Amino acid sequence: ILNVEQSPQSLHVQEGDSTNFTCSFPSSNFYALHWYRWETAKSPEALFVMTLNGDEKKKGRISATLNTKEGYSYLYIKGSQPEDSATYLCALLEFQGAQKLVFGQGTRLTINP
Amino acid sequence: GAVVSQHPSWVICKSGTSVKIECRSLDFQATTMFWYRQFPKQSLMLMATSNEGSKATYEQGVEKDKFLINHASLTLSTLTVTSAHPEDSSFYICSAQGVGPYEQYFGPGTRLTVT
């Protein structure tokens, strides 16, 4: 059974500060890693899909890196804003006959004004 | 684009009754949809993969007779929790596979409480 770990579980950051958190996963048989942002009462929103070792993706103030050899991905938020408050999920894509996402527990980010 | 809706967003039912949850892709067709469950302080866990026009594939440990899945059209999958018990109380969320190989679009989820 694949185990996807996210740390920290929760994080409080002052508005304007930058922050980052981690997703760890088994490095064998890697296909893709997803990052989602999930606000309360809304649908999880896809941020990035990362497939190649060394991948670096950016969307506004949010960026992510991927190291498939050592099995981790970092999500960075630069200059945090209150609207960044959400739970950030990472999910490893595995194929067992069909596509399957294995999620971490998420990092709950709160931005203090 | 790529919007997935779920209905209802929350439901309370009595033990022994059945509850149906709908998952719709609003602006695209999805041959494959997924159903996940999340218990408090735990991660989203895949319950089953739903394929249009064929039987769903259930993950190990998920009772297919209890969680009936129907994917009768390219835009609708339903999950019916039969003879619900308090331990079935959970957050259920669906997703629909998009056109790209790695795309999954999620609904907002359904909170089920069984009393």
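Per chain, numbering begins at 1; letters A, B, ... match sequence-line order. For the numbers below, each heavy atom of this structure counts, side chains included, while hydrogens, waters and symmetry mates do not. All figures in this text were calculated on a predicted structure; none of them were measured in a lab.
Linking Ile, Leu, Val, Met, Phe, Trp and Tyr residues whenever their side-chain heavy atoms come within less than 4.5 Å places B/Phe34 and A/Val49 in a single cluster. Follow the hydrophobic side-chain contacts under 4.5 Å out from A/Tyr76 and you never reach A/Leu33; the two are in separate clusters. B/Val4 and B/Leu79 are assigned to two separate hydrophobic clusters, defined by single-linkage of ILVMFWY side chains at heavy-atom distances under 4.5 Å. Both A/Leu47 and A/Val102 are part of a single hydrophobic cluster, where members link through side-chain heavy atoms under 4.5 Å apart. When hydrophobic clusters are built by joining Ile, Leu, Val, Met, Phe, Trp and Tyr residues whose side-chain heavy atoms come closer than 4.5 Å, directly or via intermediates, A/Leu11 is grouped together with A/Val4.
Using a 4.5 Å heavy-atom cut-off against chain B, no residue of residues 12-21 of chain A qualifies as contacting.
In this structure A/Phe25 satisfies the ring-ring contact (aromatic ring centres under 6.0 Å, His included) test together with A/Phe30, sequence neighbours excluded. Not counting sequence neighbours, B/Phe67 has no partner by the ring-ring contact (aromatic ring centres under 6.0 Å, His included) test.
Residue B/Leu44 touches chain A through both its backbone and its side chain, counting heavy-atom pairs closer than 4.5 Å. For A/Leu101, the parts lying under 4.5 angstrom from a heavy atom of chain B are both the backbone and the side chain.
Here the shortest heavy-atom pairing between A/Ala41 and B/Pro108 reads O-CB, 4.3 Å.
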Using only distance (under 3.5 Å, no hydrogens or angles), which donor-acceptor pairs connect chain B and chain A?
from, atom 1, to, atom 2, distance (Å)
A/His34, NE2, B/Tyr102, O, 3.2
A/Tyr36, OH, B/Gln104, O, 3.1
A/Ser43, OG, B/Phe106, O, 3.1
A/Ser43, OG, B/Gly107, O, 3.4
A/Gln99, OE1, B/Gln104, NE2, 3.3
A/Gln99, NE2, B/Pro101, O, 2.6
A/Lys100, NZ, B/Glu59, OE1, 2.7
A/Gln105, NE2, B/Lys41, O, 2.7

